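One structure below.
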Amino acid sequence: MDPVTIHLTILTLTVLVILYSDHMAFQYVCGTRETIDIKIATRLHYAVWVGLIGMMVTGLWMAYPALSVLITMPLFQLKMAFVLLLVCNAIFIGTLLPVSSVPFAQLSQKQKTPLLIGGALSTVGWVGAIVCAFVFFG
């Protein structure tokens with residue numbers, strides 16, 4: 001199997017996990033889901049980490065033969081910036097998981113803000129990285 005197929009398969013599976021996680025988070029923020037089970041949130045978070053690491057490994061596998069040229073290209077640099085954002089944000093979101101065991105309405109604004117920022121950064125990072133990849137390689 002070639003690295004592109006593996007990379008796109010991992011991307012597809014990871015996006016499905018993210019969509020499920022984001023759906024739960026949206027329900028939580030809107031109040032239709034009172035809390036998010038910490039065990040489920042942790043498993044989903046680990047699944048996203050596995051996907052992100054898998055995509056970085058297969059991405060390096062694909063890029064390695066031309067890495068010295070790719071790193072000079074602004075669109076590739078932007079894609080890598082989005083990947084770095086995703087890694088940093090995954091660490092950040094991991095610290096916030098316990099908060100979801102308290103109903104969103106009961107959280108202070110100080111507790112709500114990082115959750116909303118983490119969600120927004122995740123969206124920007126994933127959409128940005130995917131768009132850059134499809135523009136660059138499409």
Side-chain angles (χ1 to χ4, degrees):
M1 200 180 261
D2 69 304
V4 174
T5 302
I6 296 169
H7 192 77
L8 292 176
T9 300
I10 294 169
L11 171 64
T12 302
L13 294 172
T14 304
V15 166
L16 290 172
V17 172
I18 292 165
L19 289 173
Y20 180 70
S21 299
D22 286 353
H23 176 70
M24 283 182 17
F26 184 72
Q27 290 177 320
Y28 174 68
V29 169
C30 291
T32 56
R33 174 184 292 270
E34 189 159 326
T35 61
I36 299 174
D37 184 327
I38 190 71
K39 290 179 192 174
I40 292 170
T42 301
R43 287 183 187 131
L44 292 170
H45 187 67
Y46 286 149
V48 171
W49 261 116
V50 168
L52 184 57
I53 291 167
M55 289 178 52
M56 288 188 299
V57 168
T58 57
L60 181 59
W61 182 13
M62 291 184 294
Y64 187 74
L67 196 55
S68 61
V69 173
L70 289 172
I71 60 174
T72 66
M73 303 173 97
L75 189 58
F76 185 79
Q77 294 168 355
L78 180 60
K79 182 177 180 355
M80 293 303 99
F82 282 124
V83 172
L84 179 61
L85 170 66
L86 289 170
V87 170
C88 293
N89 194 53
I91 294 166
F92 175 64
I93 288 174
T95 66
L96 301 175
L97 294 178
V99 174
S100 64
S101 63
V102 177
F104 190 77
Q106 293 179 14
L107 298 176
S108 68
Q109 191 60 43
K110 187 176 179 180
Q111 292 171 305
K112 290 178 182 178
T113 300
L115 291 172
L116 298 173
I117 290 172
L121 290 175
S122 178
T123 301
V124 168
W126 283 105
V127 171
I130 291 168
V131 167
C132 284
F134 281 106
V135 168
F136 192 76
F137 299 107

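Both backbone and side-chain heavy atoms feed into the values below; hydrogens, waters and symmetry mates do not. Quick caveat: nothing in here was measured; it's all calculated off a predicted structure. The chain is numbered in sequence order, starting from 1.
- Put simply, the side chain of Glu34 never gets that close to the backbone of Tyr28: no donor and acceptor are under 3.5 Å apart.
- Both Val17 and Tyr20 sit in one connected hydrophobic cluster of ILVMFWY residues. Membership requires side-chain heavy atoms under 4.5 Å apart, directly or through other members.
- Hydrophobic clustering, with ILVMFWY side chains joined whenever heavy atoms are under 4.5 angstrom apart, keeps Ile6 apart from Leu16.
- In this structure, Ile93 CD1 and Leu44 CG are separated by 12.0 Å, a value rounded to the nearest 0.5 Å.
- Of all the heavy atoms in His7 and Gly59, the pair that sits closest is ND1-N, 3.6 Å.
- For the pair Pro3 and Met62, the tightest heavy-atom approach, listed with the atom from each and the gap, is CB-CG, 3.5 Å.
- Looking at His45, its side chain does come within 3.5 Å of a backbone N or O of Ala90 through a donor-acceptor pair.
- When hydrophobic clusters are built by joining Ile, Leu, Val, Met, Phe, Trp and Tyr residues whose side-chain heavy atoms come closer than 4.5 Å, directly or via intermediates, Leu84 is not grouped with Leu78.
- Residue Tyr46 places its OH atom among 12 or fewer non-hydrogen atoms of other residues, nucleotides or ligands, all under 6.0 Å distant.
- With contacts defined as side-chain heavy-atom distances shorter than 4.5 Å, the pair Phe82/Val124 qualifies.
- The minimum heavy-atom distance between Ile10 and Met55, with the atom names listed, is CG2-CG, 3.4 Å.
- Under the 4.5 Å side-chain heavy-atom criterion for Ile, Leu, Val, Met, Phe, Trp and Tyr, Val29 and Leu107 are members of the same hydrophobic cluster.
- A donor-acceptor distance shorter than 3.5 angstrom exists from the side chain of Ser100 to the backbone of Leu97, with no hydrogens or angles considered.
- Note: Thr14 OG1 to Leu19 CG = 11.0 Å, rounded to the nearest 0.5 Å.
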- Show your working on side-chain contact (heavy atoms from CB on, under 4.5 Å) between Asp22 and Trp126 and close with a plain yes or no. CA-CA 12 Å; Asp22 286 353; Trp126 283 105; over 6 Å; no
- Message: Let's go through Phe76 and Val69 carefully: what are the C-alpha distance in whole Å and the side-chain angles of both, what is the deciding distance for side-chain contact (heavy atoms from CB on, under 4.5 Å) to 0.1 Å, and is it a yes or a no?
- Response: CA-CA 10 Å; Phe76 185 79; Val69 173; over 6 Å; no
- Kindly indicate, with the supporting measurements, whether the criterion side-chain contact (heavy atoms from CB on, under 4.5 Å) is fulfilled by Val87 and Trp49. CA-CA 8 Å; Val87 170; Trp49 261 116; 4.0 Å; yes
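- Within the model, atoms CG of Leu86 and CD1 of Ile91 stand 11.5 Å from one another, a figure rounded to the nearest 0.5 Å.
- Placement of Ile40 and Phe26 in two distinct hydrophobic clusters is found when ILVMFWY residues are connected by side-chain heavy-atom separations under 4.5 Å, directly or transitively.
- Taking each heavy atom of Phe136 and Met73 in turn, the nearest pair found is CZ-SD, 3.6 Å.
- The side-chain heavy atoms of Leu67 and Leu60, taken from C-beta on, include a pair separated by under 4.5 Å.
- Annotation: side chain of Val15 is in contact with side chain of Ile130 (closest heavy-atom distance under 4.5 Å).
- Annotation: the span from Arg33 atom CZ to Thr35 atom OG1 amounts to 8.0 Å, rounded to 0.5 Å.
- Counting all heavy atoms, side chain and backbone alike, Gln77 lies closest to Ile71 at NE2-O, 2.6 Å.
- The distance from the OG atom of Ser122 to the CD1 atom of Ile117 is 13.5 Å, given to the nearest 0.5 Å.
- Rounding to the nearest 0.5 Å places CE of Met80 at 10.0 Å from CE of Met56.
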